[in-house]
Amino acid sequence: MKSVWTTDLLLLIVSGTALVLGLCLAWLGYLHLAHWVWLAGSLPALALLMRDTVRALMRREAGVDLLALLAIAGAVVLDEYLTGAVIAVMLTSGRALESFAQQRAGREMSALLARAPRSANRIENGTVRQVLLEAVVPDDRLLVRSGDTVPVDGRLTSSQAILDESSLTGESTPVERREGDLLRSGALNAGTPFEMRATANATDSTFAGIVRLVSAAQSSKAPASRLADRYALWFVPLSLGVAVLAWLASGDPLRALAVLVVATPCPLILAVPVAIVSGMSSCAKRGVLIKDGDALEQLAQAKVLFFDKTGTLTGGHARLTSIKADAYSDSQEVLRLAASLDQMSGHVIAASVVAAARERGLILTVPTTVQEQGGSGVVGMLDGRNVAVGSYEFVSSLATGGEWAASFLETVAQEGGAAVFVARDGLVVGALHLADQIRLETPRALRLLRRAGIQRIAMLTGDHRDVADAIGAAVGVDEVFAEQTPVGKQAAIVAGRSLGVTMMVGDGVNDAPALATADVGVAMGARGAAASSEAADVVLLVDRLDRLAEALQTARHTHRIAVESVAVGMGLSLIAMLFAAFGYLPPLYGAVLQEAIDVAVILNALRALRIQPLRVNRHTLTVSQLQGLRSDHESLAVVLDHLTSLADRLATLSPYEAKQAVEKLNVLLQERLLPHERSDDSDVYPLLAQLLGGDDPMAAMSRTHREIFDLGRRLQRMVKTMPPDGPTGQALGELQRLLYSLDAILRLHFAQEEEIYQNLA
C-alpha cells in the first residue's frame, strides 16, 4: 500500500509540476517549449491509464478511466497539450487521494495475531525445554505456565487448570478444567502452571483453524465496486456516443475532443475520494478507524447488525451483582470476609471481589496462614477466625450449612457468571454472584443504531441459551443465536445477507472469522484481540459502543454527499457536453469550465468534514462532574446491598431481630440515601436539564424521586409504629413487600441515572 501511495504521489508531482512549468513558459513566450513540457507531464498519466484500462477490459469492465484515457490521447493527437496536462493533474490527484486514504488507515493497523503462540515448553527427560511450535507433535508432554497461551490442542494431565477461553468461546468468566479434560489452543492460563499432553500438532489445532477461517473469509468476500465505476456504466457510453455524433455531424474532430474534455469525469475521480477521506477523517476524530473507502461505502448501506455479546454488549469482565447472606450474617460482612482473603489470590475472580469491596469503602483485613488451592479457593485466618472462600465444592468440603446454596447456584446458572461462597469457623455464611454486566451505553447505542438506519439486530454468543436470552431481552435485540462456535457465527451472518448488507461487531479472536465474513466487520479495538482488529474493516479505538452509531451516521452522510457531488458534477458536465457538441465550447475553454466544475464538487465533498455526531444533546459533563456523580452512587452501594440482603432474609429472622435490622436500615436510608436523592433533585437535576435541553427533560426522574420519598416515609412510619417485640404475620409480610419495592425502584433509578451520566460523558 505504501508503494502505491508513493507512486501516485510521484505521478501527481510530475503532472502538476509540468502543468505549472508549462504555464510559466507560455506566459514568457516559449509556447513551443511549453507544449513539450505539457506533453511530458501527460505521458506518465496516459501510460497509467492505458495499463488500467487494459486490465479493466480484460475483466470485462469499463470504468471512468476510459474517458480520461481518450481525452488525454485525443488532446495529444490534436495538439491540445494544455488540455491533456490539466486532465492528467486531475486524474493523478484523484488517485493520490484514494491511495492516501487507504495508506493512512493501514498505518494504524500493524498488529498481527498477537496472541498466536509461537513456542511451547516441552518436558523431555524431566527437564523443560522451549521448542518452536512447529516441533510439537501429538503425545508430547507440555508445561503451560501462568499467563501462557495453550500452544496446541491437548488433554490436561494435571489435577486442574483455570483457563480464560474468552478468545475462543466469548465467555468472559474463566473456566475450570479437570484432569483428563480436552484443552484447546488459544486459551489463556489464568491460574497456576499445569501439564498437558498434546493431541494435535500446531497446524491441526483450534487456533490455527480460526486463522484459516479468517483467511478464507477474507479471500472469498467480493470487494465493493467503486461508486464512480457504477455511474460509469451509463455515463461512459453516453459520452462516447455524443462525441462520435458531434464529430460525424460537424466533420470536426475538435468537437469530439471538446465533448470528451468536459465529459472527463473529474467530479467522479475527485469528489468520491475527497468525500470519503473527509468522512474517514471525521470518524477518526471520534475514535473510529475505517480502513478504506470500500468499508465506508458498505457501512453506509448496512441494514443488518450482528453483535458478539462478551466485551461488546457487555463489559467483558466479572462484576459483583448480588450478595447472599444467611439469617445471621450481614451482606457487607460477607463481602468484607471474601475480599480480605482474596487479597492474597491472583485469580481474576478474586480481583473482582476485592474491587467490589473497595468500591463500597469496606476496610479489609490482612489474613494470615493463607493457603490457596489453585482454581478452587483460599483458606486462612482472619481476625482470629478461620475463613474459607471459593467454589461451592471447595467451601462445602470445609464447612456446613448453606441450605440455600442449591437455589443460589441455580440462579447463577440461569443468569450466567460465577458463584463465590464464604465460610467462617466451619459455617457457610454467604455467597457472592459475579457476572459480566451490560455496558451502560449499550441500550442507548442500540437505539441510536436503529435511528441511524439499522433494521435488524441479532446477538451471537457462545453462552448457554438461558443466559443469552436474558441478555438479549435486556438490551432489546431482535434475535439471539446462543451456544455459537466461530463456524456457527459465520453461517448466521451468511444467512443474514438475504436481508441486506451485514455488519458484525466483536472483540475476540473467536469473532475474527465472523468479522471477515460480514460485509462490514467492526472490532472493539481498544482492548480487543489483534486477530479481530486485523480481520475487521472498522475498528473502534475508543471502548464505547455508541461511537459505532456515530460512525454509521457519518458514513451515510458521507455517501450522500459523494452522490450529490457526483450528480451535480455530472449534470453540469452533461450540459457542457451539449454546448461542446454544437461547437460553442472549444476544448481549451471546456477544460477551464471543467476546472470550475471540479472546484464546485470538491467544495461540496469537503462538507463531509463538518458532519456532526449523532447526539441528542450538545453539552457534556466535565470529567470531575462525572466522577463525582459516579462516586456518590458507589458510596451508596453499601446501602443498596444492605436493603437487598434484608429483604431476602427478613422472613427468616425472629421478630425482635427483624425489628433491629429494619431500624438499622431506616437509619441508613434517612441519613445517607434519602438526603442524596433530595440533593440530586435540587442541585444535580437542574444541571442535567440544562445540558439535555428541552422544557423539562428530568420530569420523569423527579417523579421517581417522589415515589422513593413516599416509600421512605412509609418505612419510617412502620418503624415508629412497630411493636416492641417486632413485626409478625401480616405486618412482617407488608414490611417485606415494602423493602422489595424500595429495592427495585432504587436499583432501576440508579441505573437510569447512570445511563444519563454516560450519555452526557
Side-chain angles (χ1 to χ4, degrees), residues 320-335 360 402-412 414-415 429-433 435 470 473-474 633 636-678 680-681 700-754:
L320 179 64
T321 62
S322 65
I323 306 173
K324 175 68 177 179
D326 66 9
Y328 309 101
S329 304
D330 179 77
S331 60
Q332 298 307 300
E333 179 64 11
V334 171
L335 176 59
R360 287 157 174 77
E403 294 78 10
W404 40 266
S407 61
F408 183 81
L409 288 170
E410 183 179 355
T411 299
V412 172
Q414 292 175 349
E415 297 180 1
V429 296
L432 311 175
H433 179 194
H633 277 185
L636 291 172
V638 174
V639 181
L640 287 181
D641 290 341
H642 190 83
L643 172 60
T644 306
S645 176
L646 180 57
D648 287 339
R649 62 190 178 92
L650 187 64
T652 66
L653 301 177
S654 68
Y656 184 72
E657 290 172 335
K659 180 177 183 295
Q660 288 185 315
V662 172
E663 287 176 342
K664 179 180 177 182
L665 173 64
N666 183 56
V667 171
L668 286 174
L669 292 175
Q670 299 298 332
E671 294 183 355
R672 295 187 59 182
L673 192 142
L674 294 179
H676 163 80
E677 298 302 319
R678 293 190 183 95
D680 275 358
D681 207 55
M701 301 298 291
S702 293
R703 179 70 178 87
T704 307
H705 273 163
R706 292 196 294 274
E707 292 293 333
I708 294 171
F709 298 150
D710 180 61
L711 290 173
R713 284 191 295 269
R714 288 173 56 189
L715 178 63
Q716 192 170 29
R717 285 197 303 269
M718 294 181 72
V719 170
K720 288 180 179 180
T721 59
M722 197 177 295
D725 295 335
T728 57
Q730 184 177 354
L732 182 64
E734 184 179 349
L735 180 59
Q736 190 173 36
R737 284 193 297 272
L738 177 62
L739 294 182
Y740 276 129
S741 299
L742 189 57
D743 178 71
I745 195 171
L746 281 172
R747 291 191 179 277
L748 175 62
H749 183 63
F750 274 32
Q752 290 172 329
E753 287 184 331
E754 287 286 348

Measure across [X] and [Y] and return the closest heavy-atom pair with its distance rounded to 0.1 Å.
| X | Y | value |
| --- | --- | --- |
| D641 | Q332 | CB-NE2, 2.8 Å |
| A661 | H642 | O-NE2, 4.4 Å |
| P724 | Y656 | O-CD1, 4.0 Å |
| V334 | K324 | CG1-O, 4.3 Å |
| L669 | P675 | O-CD, 3.7 Å |

Evaluate the side chain to side chain contact (heavy atoms under 4.5 Å, CB included) criterion for residues E707 and H749: first the C-alpha distance (whole Å), next the side-chain angles of each, then the deciding distance (0.1 Å), finally the verdict.
-> CA-CA 11 Å; E707 292 293 333; H749 183 63; over 6 Å; no

Between [X] and [Y], is any pair of side-chain heavy atoms under 4.5 Å apart?
| X | Y | result |
| --- | --- | --- |
| E677 | D681 | no |
| R703 | R706 | yes |
| L320 | R360 | yes |
| E663 | M722 | no |
| L746 | V639 | no |
| E753 | M701 | yes |

Drop me the distance from [X]'s [atom1] to [Y]'s [atom2], to the nearest 0.5 angstrom.
| X | Y | atom1 | atom2 | answer |
| --- | --- | --- | --- | --- |
| T411 | W404 | OG1 | CH2 | 11.5 Å |
| Q660 | L665 | CD | CG | 13.5 Å |
| S741 | D710 | OG | CG | 11.0 Å |
| D680 | F750 | CG | CZ | 8.0 Å |
| R737 | L732 | CZ | CG | 9.5 Å |
| H433 | I323 | NE2 | CD1 | 12.5 Å |

Please step through side chain to side chain contact (heavy atoms under 4.5 Å, CB included) for the pair L668 and L673, ending with a clear verdict.
-> CA-CA 7 Å; L668 286 174; L673 192 142; over 6 Å; no

More than 12 non-hydrogen atoms from neighbouring residues, nucleotides or ligands closer than 6.0 Å to CZ on F709, yes or no?
-> yes

When you check the gap from the basic side-chain N to the acidic O, do R747 and D743 get nearer than 4.0 Å?
-> yes

Under the side chain to side chain contact (heavy atoms under 4.5 Å, CB included) criterion, do L715 and L739 qualify, and how do the steps go?
-> CA-CA 8 Å; L715 178 63; L739 294 182; 4.2 Å; yes

Can you tell me if Q670 uses its side chain to pair, donor with acceptor, with the backbone of V667 under 3.5 Å?
-> no

